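All remarks here apply to the structure that follows.
Heavy atoms only: backbone and side chains are in, while hydrogens, waters and symmetry mates are out. Lettering of chains follows the sequences in order, A, B, ..., and the numbering in each one begins at 1. Because the structure is predicted, anything quoted here is derived from the model rather than measured.
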There are 2 protein chains.
Amino acid sequence: MTSRLEALCLEKGLKMTGQRRVIAQVLSDADDHPDVEEVHRRAALIDTRISIATVYRTMRLLEDVEVIERVDLGDGRARYEEASADHHHHLIDTRSGRIIEFASPELEAIKERIAHDLGYKIVGHRLEIYGVPLDDAGADGQGANGAGPNGAGPNSAGKEQ
Amino acid sequence: MTSRLEALCLEKGLKMTGQRRVIAQVLSDADDHPDVEEVHRRAALIDTRISIATVYRTMRLLEDVEVIERVDLGDGRARYEEASADHHHHLIDTRSGRIIEFASPELEAIKERIAHDLGYKIVGHRLEIYGVPLDDAGADGQGANGAGPNGAGPNSAGKEQ
DNA sequence: TTGGGATTGCGAACGGTTTGCAGTATGATG
DNA sequence: CATCATACTGCAAACCGTTCGCAATCCCAA
């Protein structure tokens with residue numbers, strides 16, 4: 001069976017080996033942001049003889065051909081997600097570790113303008129928001145950040161995963 | 001001579017040892033975003049017998065008491081800057097490595113609203129923009145990002161360092 | 001001045017990631 | 001379909017930034 005990502009790899013002209021097929025499968029099935037070790041763990045369920053070095057090498061390769069994207073969530077290791085056209089960012093629930101993706105055209109516009117005003121052309125950027133659920137926002141102790149909610153009309157599109 | 005940061009440390013009730021004084025000195029003098037190795041290098045110019053382990057420990061300590069702030073610029077190592085009340089972010093010149101700080105109340109507002117709309121209270125966040133100078137934006141090859149400059153009135157305050 | 005808890009330097013260990021090497025598989029070719 | 005050069009894999013060692021255990025040392029309050 002040819003997984004979605006495997007097809008993409010073929011399009012990009014990559015040589016498809018057994019282990020690459022397995023990894024493509026794993027990544028196609030994933031709907032979260034696994035790190036290398038996790039990908040390796042899942043791959044091992046399909047084929048035990050895949051080494052972690054190969055997973056590292058394959059992730060780098062897939063990143064290079066823009067089939068997947070590296071996400072740096074601030075916890076020492078690299079995480080990955082499928083590459084996608086729509087720019088989005090991540091809100092990390094510091095209580096549960098859950099990651100929520102969101103996009104905001106408004107944000108993109110401001111960002112573009114800031115860079116332009118400073119005399120720069122953007123080649124990349126990243127935004128992460130760390131937060132706790134509004135409900136049980138009671139007994140937590142991380143460098144809180146004043147400034148209550150403000151601003152104009154609605155606009156951001158959240159998509160949990 | 002008592003450096004600015006040393007005074008701050010005393011206020012916070014820290015025990016001031018010789019090496020901490022030197023490190024505070026170095027950080028007071030710095031107007032960039034040095035990593036630990038760089039702080040150690042500069043400290044060694046003042047007193048040769050400071051070990052890098054002490055620098056690591058001291059940086060963590062200063063971070064804990066909020067005298068300095070850790071900045072993760074995406075290059076494997078931790079960088080630091082003096083803690084300051086005003087929220088700002090970083091634009092990294094991928095050609096020269098220069099780092100430009102900027103602040104945008106507008107951006108903060110949107111960010112707050114997004115988090116709020118998703119049901120979260122922000123406890124931290126970070127934004128980095130990677131860019132190349134508009135002038136010589138010719139022969140570069142990093143995952144460019146469509147979407148030309150757009151958006152409304154000026155608002156961002158840039159401060160180079 | 002003295003004493004004891006905090007701090008230091010050293011080197012070893014850590015966790016994530018990369019790499020050299022020898023062996024193996026791939027898919028292009030005849 | 002067999003052959004072959006090339007690219008890929010597994011393993012273990014090395015790497016890099018960072019942390020830690022330990023004995024020696026320092027700071028500061030009494």
Side-chain angles (χ1 to χ4, degrees), chain A residues 2 5-7 9-27 33-44 46-65 67-80 97, chain B residues 2 5-7 9-27 33-44 46-65 67-80 97:
Chain A
T2 307
L5 283 196
E6 183 181 341
C9 288
L10 289 170
E11 271 178 44
K12 302 274 182 175
L14 295 189
K15 183 190 221 176
M16 288 313 288
T17 67
Q19 22 285 77
R20 285 186 186 171
R21 246 180 283 275
V22 170
I23 292 170
Q25 174 77 262
V26 165
L27 293 174
H33 300 78
D35 56 31
V36 172
E37 208 179 327
E38 181 59 28
V39 173
H40 180 236
R41 198 174 298 126
R42 295 180 194 175
I46 305 178
D47 179 346
T48 351
R49 81 188 91 214
I50 293 182
S51 93
I52 192 140
T54 296
V55 179
Y56 271 108
R57 282 190 274 233
T58 303
M59 298 307 274
R60 183 141 53 113
L61 179 70
L62 297 185
E63 193 187 348
D64 286 347
V65 299
V67 164
I68 59 176
E69 271 168 27
R70 182 195 301 256
V71 187
D72 177 356
L73 262 22
D75 59 347
R77 71 214 106 156
R79 293 167 169 279
Y80 294 88
Chain B
T2 308
L5 284 196
E6 183 180 341
C9 290
L10 288 169
E11 271 178 44
K12 302 273 183 175
L14 295 188
K15 185 189 222 176
M16 289 313 287
T17 67
Q19 23 282 78
R20 287 188 185 169
R21 245 179 285 272
V22 171
I23 292 170
Q25 175 76 260
V26 166
L27 294 173
H33 299 78
D35 57 29
V36 171
E37 208 178 326
E38 181 59 30
V39 173
H40 180 234
R41 198 173 299 127
R42 296 180 194 173
I46 305 178
D47 179 346
T48 350
R49 81 188 91 215
I50 293 184
S51 92
I52 192 135
T54 296
V55 180
Y56 271 106
R57 283 189 275 235
T58 304
M59 298 307 273
R60 183 140 55 112
L61 179 70
L62 296 186
E63 194 187 348
D64 286 346
V65 299
V67 163
I68 60 178
E69 271 168 26
R70 180 194 304 253
V71 186
D72 177 356
L73 262 22
D75 59 345
R77 70 216 105 154
R79 293 167 170 280
Y80 294 88

Identify whether any heavy atom of Ile52(A) sits under 4.0 Å from a base atom; if not, whether one sits that close to sugar-phosphate; answer base, sugar-phosphate or nothing.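 Counting heavy atoms under 4.0 Å across all strands, no contact is made by Ile52(A).
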Check each of Thr54(B), Ile46(B), Asp47(B) against Gln19(B) using the side-chain contact (heavy atoms from CB on, under 4.5 Å) test, and report the only one that passes.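 The side-chain contact (heavy atoms from CB on, under 4.5 Å) with Gln19(B) is passed solely by Thr54(B) among Thr54(B), Ile46(B), Asp47(B).
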Report the distance from atom [atom1] of [X] to atom [atom2] of [N], rounded to the nearest whole Å.
| X | N | atom1 | atom2 | answer |
| --- | --- | --- | --- | --- |
| Arg41(B) | dG17(D) | CZ | P | 10 Å |
| Asp64(B) | dT7(C) | CG | C1' | 15 Å |
| Arg77(B) | dT17(C) | CZ | C1' | 15 Å |
| Leu10(A) | dA28(C) | CG | P | 11 Å |
| Ile50(B) | dC10(C) | CD1 | C1' | 15 Å |
| Asp47(B) | dT8(C) | CG | P | 12 Å |
| Asp35(A) | dG16(C) | CG | P | 8 Å |
| Arg79(A) | dT17(C) | CZ | C1' | 16 Å |

Residue mapping more 5' on DNA chain D - nearest nucleotide basis, Glu37(B) or Val55(A):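 Nearest-nucleotide comparison on DNA chain D picks Val55(A).
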Which is more 5' along DNA chain D, the nucleotide nearest Met16(B) or the one nearest Arg70(B)? Just name the residue.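 So the residue in question is Arg70(B).
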Would you say [X] reaches [N]'s phosphate, i.e. side-chain N/O to OP1/OP2 under 4.0 Å?
| X | N | value |
| --- | --- | --- |
| Tyr56(B) | dT19(D) | no |
| Gln19(B) | dG9(C) | yes |
| Arg20(A) | dC8(D) | yes |
| Arg60(A) | dG16(C) | no |

Side chains of Arg20(B) and Lys15(B) in contact at under 4.5 Å (non-hydrogen atoms):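 Touching, per the 4.5 Å side-chain cut-off.
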For Val36(A) and Arg79(A), what are the C-alpha separation, side-chain angles and deciding distance, and is it a side chain to side chain contact (heavy atoms under 4.5 Å, CB included)? CA-CA 7 Å; Val36(A) 172; Arg79(A) 293 167 169 279; over 6 Å; no
I'd like to know if Asp75(B) and Arg77(B) make a salt bridge, using a cut-off of under 4.0 Å between side-chain N and carboxylate O.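 Result for this pair is yes, salt bridge flagged.
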Considering only side-chain heavy atoms of [X], which listed nucleotide, [options], is closest?
| X | options | result |
| --- | --- | --- |
| Ser51(B) | dT8(C), dC11(D), dG9(C) | dG9(C) |
| Thr17(A) | dG10(D), dC8(D), dG16(C) | dC8(D) |
| Arg57(B) | dT19(C), dC10(C), dG17(D) | dC10(C) |

Is a donor on one side and an acceptor on the other found under 3.5 Å between the side chain of His33(A) and the backbone of Arg70(A)?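 Such a contact is absent between His33(A) side chain and Arg70(A) backbone.
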Comparing Lys15(B) and Thr54(B) on DNA chain C - which has the more 5′ nearest nucleotide: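 It is Lys15(B), whose closest nucleotide lies nearer the 5' terminus.
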